[in-house]
Number of protein chains: 4
Amino acid sequence: MTLNSKTRQIEIQNPDGSKFLIGAGDCTVIAGPCSVESKEIFLETAQTVKSSGASILRGGLHKLRTSPDAFQGLGRDAYRLAQEVKEELGLPFITEITDPRQVEELSDLADLFQVGSRNMYNYALLSELGKTSKPILLKRAFSATVDEWIGAARYIEKEGNSQIILCERGIRTFDRTLRNTLDLGAVAYLKAETDYPVFVDPSHACGRRDLVIPLAKAAQAVGADGIMIEAHPNPDEALSDGPQSLTLSQLKDLMQAILLS
Amino acid sequence: MTLNSKTRQIEIQNPDGSKFLIGAGDCTVIAGPCSVESKEIFLETAQTVKSSGASILRGGLHKLRTSPDAFQGLGRDAYRLAQEVKEELGLPFITEITDPRQVEELSDLADLFQVGSRNMYNYALLSELGKTSKPILLKRAFSATVDEWIGAARYIEKEGNSQIILCERGIRTFDRTLRNTLDLGAVAYLKAETDYPVFVDPSHACGRRDLVIPLAKAAQAVGADGIMIEAHPNPDEALSDGPQSLTLSQLKDLMQAILLS
Amino acid sequence: MTLNSKTRQIEIQNPDGSKFLIGAGDCTVIAGPCSVESKEIFLETAQTVKSSGASILRGGLHKLRTSPDAFQGLGRDAYRLAQEVKEELGLPFITEITDPRQVEELSDLADLFQVGSRNMYNYALLSELGKTSKPILLKRAFSATVDEWIGAARYIEKEGNSQIILCERGIRTFDRTLRNTLDLGAVAYLKAETDYPVFVDPSHACGRRDLVIPLAKAAQAVGADGIMIEAHPNPDEALSDGPQSLTLSQLKDLMQAILLS
Amino acid sequence: MTLNSKTRQIEIQNPDGSKFLIGAGDCTVIAGPCSVESKEIFLETAQTVKSSGASILRGGLHKLRTSPDAFQGLGRDAYRLAQEVKEELGLPFITEITDPRQVEELSDLADLFQVGSRNMYNYALLSELGKTSKPILLKRAFSATVDEWIGAARYIEKEGNSQIILCERGIRTFDRTLRNTLDLGAVAYLKAETDYPVFVDPSHACGRRDLVIPLAKAAQAVGADGIMIEAHPNPDEALSDGPQSLTLSQLKDLMQAILLS
């Protein structure tokens with residue numbers, strides 16, 4: 001990837017105080033399970049995230065699901081568990097925030113906040129995040145035009161926080177062969193027209209673990225500043241998003257493919 | 001319209017204590033300006049809403065706009081003004097709620113709460129509304145499948161509130177000839193398969209005031225339990241949604257067309 | 001429906017030489033089976049088409065199906081059969097044309113030519129039809145913008161034939177709850193902005209026979225000049241489009257609803 | 001790219017009788033102008049196509065345009081000119097066929113036939129092409145599901161011709177930021193689930209020449225068997241598709257990027 005000199009660089013701090021930059025030319029990988037399910041599973045996943053060379057650990061605590069009866073994440077019960085794993089591995093941690101009232105309670109645990117697709121238009125939440133000093137990974141709503149996505153970013157910026165990473169994760173179209181349609185054209189467009197670092201989440205886009213690696217390579221080739229991946233020690237038993245989660249072995253393969261490009 | 005005996009009926013209370021039912025066979029009309037802009041404009045509109053035979057007054061206080069720099073509504077500054085107009089006319093009032101922290105402050109003013117399209121997936125907000133005893137008009141997100149829309153309603157119901165009205169307002173498709181594509185097939189489907197009262201908002205769907213009346217008639221013909229209309233004394237000077245707002249004279253024509261069918 | 005004085009009127013000739021107009025204010029109904037399957041079934045359907053008050057008989061001879069292994073229609077083998085039924089009932093006949101080389105062979109049988117959704121962009125076919133003197137019912141491609149649809153009509157007009165009826169039959173969107181999304185906003189738009197007579201095909205739009213009548217009523221209410229309906233004596237055994245075909249009893253109910261409005 | 005051992009290989013013959021394979025592991029590039037406009041322009045473009053290392057020359061003779069008044073290609077008047085350039089450069093030639101009646105007249109000139117997006121559902125044309133012995137590049141309709149696309153290929157195969165290359169060129173979605181949405185997920189899916197060689201046309205997908213190279217690299221990275229590119233010596237004066245045509249200098253850059261990967 002050519003270094004795009006005008007990309008807005010975002011500094012991420014590791015638990016040990018060392019720092020690295022997003023948007024400086026490398027393809028940064030965020031990986032981890034869809035949801036934090038137990039200490040054992042989260043720790044095992046995080047160990048592979050670390051050893052394979054990924055830079056940021058992800059793990060969902062508050063999940064948004066179409067049905068209120070589906071698994072909604074462990075919520076506050078897992079904050080301590082997540083903190084322990086994060087510290088043990090020495091990786092910065094990102095988790096999704098779903099309510100403006102969670103900002104304070106998550107501020108020790110989360111090094112970056114993720115805004116999920118369903119909340120991209122939740123301007124009350126975005127404004128609240130604009131008052132923090134944490135980097136925000138803002139996923140595109142599955143039906144958002146690029147202009148609306150940039151508009152959402154501006155709700156955060158308007159309150160003073162310009163550390164924003166945009167994350168393409170597939171849009172909703174007439175074709176349901178795969179879970180969503182990954183829009184790499186939007187990534188190319190954003191890299192040409194804006195200074196935001198742009199990430200790609202191929203896992204949610206395709207919904208099938210066997211297609212995650214080729215799409216991740218395509219994302220890197222088009223110029224993405226990073227990718228976000230779901231992985232699980234035993235995806236077929238995951239409580240959410242199992243079909244699209246890589247095995248830990250596949251996560252290592254993915255990291256090899258990304259690091260060698 | 002044939003009375004669909006299984007539609008869930010929702011009782012609305014007028015300021016004078018009298019009541020009427022939504023979902024009992026008549027086509028209920030909600031009308032008013034997109035935003036409350038001033039007492040004069042709101043009062044003039046409300047008077048025509050009342051005199052033309054519409055049943056519920058609408059008026060936006062907190063507006064969600066793609067850009068943070070666009071007019072965001074008068075917010076709390078207009079609560080008192082809206083209360084005065086509502087009482088003067090004796091009409092129940094509906095307004096959009098955009099943040100779970102607004103529930104309490106709006107509970108005296110709003111007789112019904114409206115959830116806008118951008119917040120249909122805001123489950124924190126929906127759960128908060130499920131704890132109230134007010135009817136909720138739940139607009140379809142412009143990219144929501146019917147199943148996701150019903151899922152959103154169930155987040156409200158799960159907390160104990162089953163007074164839910166679904167409101168179709170146009171979906172986002174490849175064709176941008178009009179602002180959105182009004183999906184009356186979804187209305188027919190919901191009337192056949194669920195017991196929710198279903199309203200239609202033709203104003204947002206088409207974005208052009210000259211097409212609002214034919215689409216309102218179509219909504220009534222397909223079996224909608226009500227329609228929601230934007231009107232303004234001088235639409236070309238409205239601070240939001242002017243192109244799709246009916247003039248007050250057109251609002252009277254619309255009410256004639258609906259009441260005569 | 002209000003007579004839209006500027007609608008382009010199209011004269012249809014009955015087999016007995018009498019004539020009637022499309023676009024003159026009434027809602028014209030075209031009905032018949034998806035495919036001509038046998039003389040008995042086609043005749044029985046046609047008798048109800050006639051007795052219930054519909055004006056034009058439809059019946060597919062050349063069918064376009066996603067798979068080449070699906071039933072493709074009886075083709076030329078059924079031309080004589082269709083001719084006999086048409087003459088016996090005294091109804092004008094419309095059938096779909098799928099190849100420019102069919103124009104000549106179908107010119108005795110067909111009183112109107114139908115262009116299906118899959119062929120809306122088949123400009124070679126449209127140009128060939130522009131050289132005939134028959135009315136053309138041009139269905140919207142399920143992904144066509146309104147401008148592209150009008151562009152297709154202009155390919156016909158450019159060769160000299162202005163007897164064009166546009167037919168909305170549902171577009172393809174992210175929501176697959178129903179077979180397609182019926183776009184009645186486009187009908188309202190076309191009635192406001194062009195002089196084409198506009199028909200609506202609710203059968204293909206919804207794909208479910210229980211929703212055809214409410215959508216047909218909505219089409220009439222929005223101002224459509226006519227509707228096109230599939231019906232079959234025994235829909236569950238139809239060789240194509242059974243789920244959306246009305247029974248003959250439902251066809252009578254539909255005609256009552258349309259004629260009484 | 002890893003050699004996918006099960007990809008159906010297609011033999012292409014150069015004018016000098018030598019041959020090469022599509023689907024054998026290399027990324028094959030087809031390049032040339034959208035339309036053949038004049039001998040000078042076509043020859044100049046073809047020389048760069050050849051010298052830069054692309055394998056197949058493209059050039060439109062019969063163009064399909066939304067309006068019948070737009071430039072429709074030079075048609076038969078340019079057959080001889082195209083033949084001369086093709087022979088002078090020694091490159092196999094591909095051109096779009098738009099009418100089943102063109103098969104015979106184009107059979108000397110065209111080494112491969114291209115079916116454009118608008119004709120993917122034109123089964124009369126596909127069946128006619130199935131009777132030839134030429135490779136067919138079948139573009140996806142901008143609204144076709146993957147299943148419909150495969151169904152279209154099967155119309156060709158049913159008549160005996162299995163030399164089919166599928167070409168993704170962007171689908172139509174709600175987002176019109178770019179001309180179309182390039183669906184590289186569909187490419188990954190087809191490579192995993194079928195044996196068709198799959199090409200990608202980034203030019204039509206994005207509609208902007210500055211985004212063609214990053215999207216071509218992404219196509220190669222996801223595993224495409226080839227790419228199809230529009231180029232022109234002076235794109236701003238091209239009679240069709242100028243904004244998305246590469247300059248000849250950009251075509252050389254693209255070939256460098258592809259050949260070095």
Side-chain angles (χ1 to χ4, degrees), chain A residues 1-2 4 140-150 168-194 198 200 202-224 244 257-258 261, chain D residues 1-2 4 140-150 168-194 198 200 202-224 244 257-258 261:
Chain A
M1 193 180 78
T2 313
N4 182 341
R140 181 184 189 180
F142 43 72
S143 59
T145 61
V146 171
D147 277 352
E148 288 174 334
W149 194 9
I150 294 172
E168 160 66 22
R169 45 75 74 204
I171 57 172
R172 184 166 279 182
T173 70
F174 65 85
D175 193 5
R176 308 305 284 265
T177 305
L178 301 179
R179 186 168 171 176
N180 292 283
T181 300
L182 185 64
D183 185 6
L184 293 182
V187 177
Y189 175 88
L190 286 165
K191 294 304 294 176
E193 298 285 343
T194 77
V198 183
V200 171
S203 306
H204 280 84
C206 66
R208 275 174 58 151
R209 82 181 66 106
D210 65 325
L211 305 183
V212 167
I213 293 180
L215 288 171
K217 288 163 67 180
Q220 185 182 27
V222 88
Q244 73 201 31
I258 295 297
S261 284
Chain D
M1 195 179 75
T2 313
N4 181 341
R140 182 184 189 179
F142 42 72
S143 59
T145 61
V146 170
D147 276 353
E148 290 174 334
W149 194 8
I150 293 172
E168 161 66 23
R169 43 76 74 205
I171 58 172
R172 182 166 281 183
T173 69
F174 65 85
D175 193 5
R176 307 305 285 265
T177 305
L178 301 179
R179 186 168 171 177
N180 293 283
T181 300
L182 186 62
D183 184 6
L184 293 182
V187 176
Y189 175 87
L190 286 164
K191 294 305 294 175
E193 298 284 344
T194 77
V198 184
V200 170
S203 306
H204 281 83
C206 67
R208 274 173 60 151
R209 81 180 66 105
D210 65 326
L211 305 183
V212 167
I213 293 181
L215 286 172
K217 289 164 66 179
Q220 186 182 26
V222 88
Q244 73 201 32
I258 296 297
S261 286

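First the proteins, then the strands, lettered A, B, ... as listed; each starts at 1.
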If one checks every heavy atom of Arg176(D) against chain A at 4.5 Å, the contacting part turns out to be neither
Review point. Short question: side chain of Asn180(D), backbone of His204(D) - any donor-acceptor pair under 3.5 Å?
Key: yes
Okay, Ala188(D) and chain A: the region with an atom under 4.5 Å from a heavy atom over there is both
Note: Val212(D) and Gln244(D) closest approach over all heavy atoms is CG2-O, 4.0 Å
Okay, Ala257(A) and chain D: the region with an atom under 4.5 Å from a heavy atom over there is neither
Among Ile213(D), Leu184(D), Ile171(D), Asp147(D), the residue with the most heavy-atom pairs under 4.5 Å to chain A is Ile171(D)
Looking only at heavy atoms, the pair that brings Gly185(D) and Leu178(A) closest together is O-CD1, 3.4 Å
The interface call for Leu215(D) against chain A, heavy-atom contacts under 4.5 Å, is both
Cut-off 4.5 Å, heavy atoms of chain A, and the answer for Ala219(D) is neither
Does either side chain, that of Asp175(A) or that of Thr173(A), offer a donor lying less than 3.5 Å from an acceptor on the other one? no
Scanning both residues in full, the closest heavy-atom pair of Lys191(A) with Val198(A) reads CD-CG2, 4.0 Å
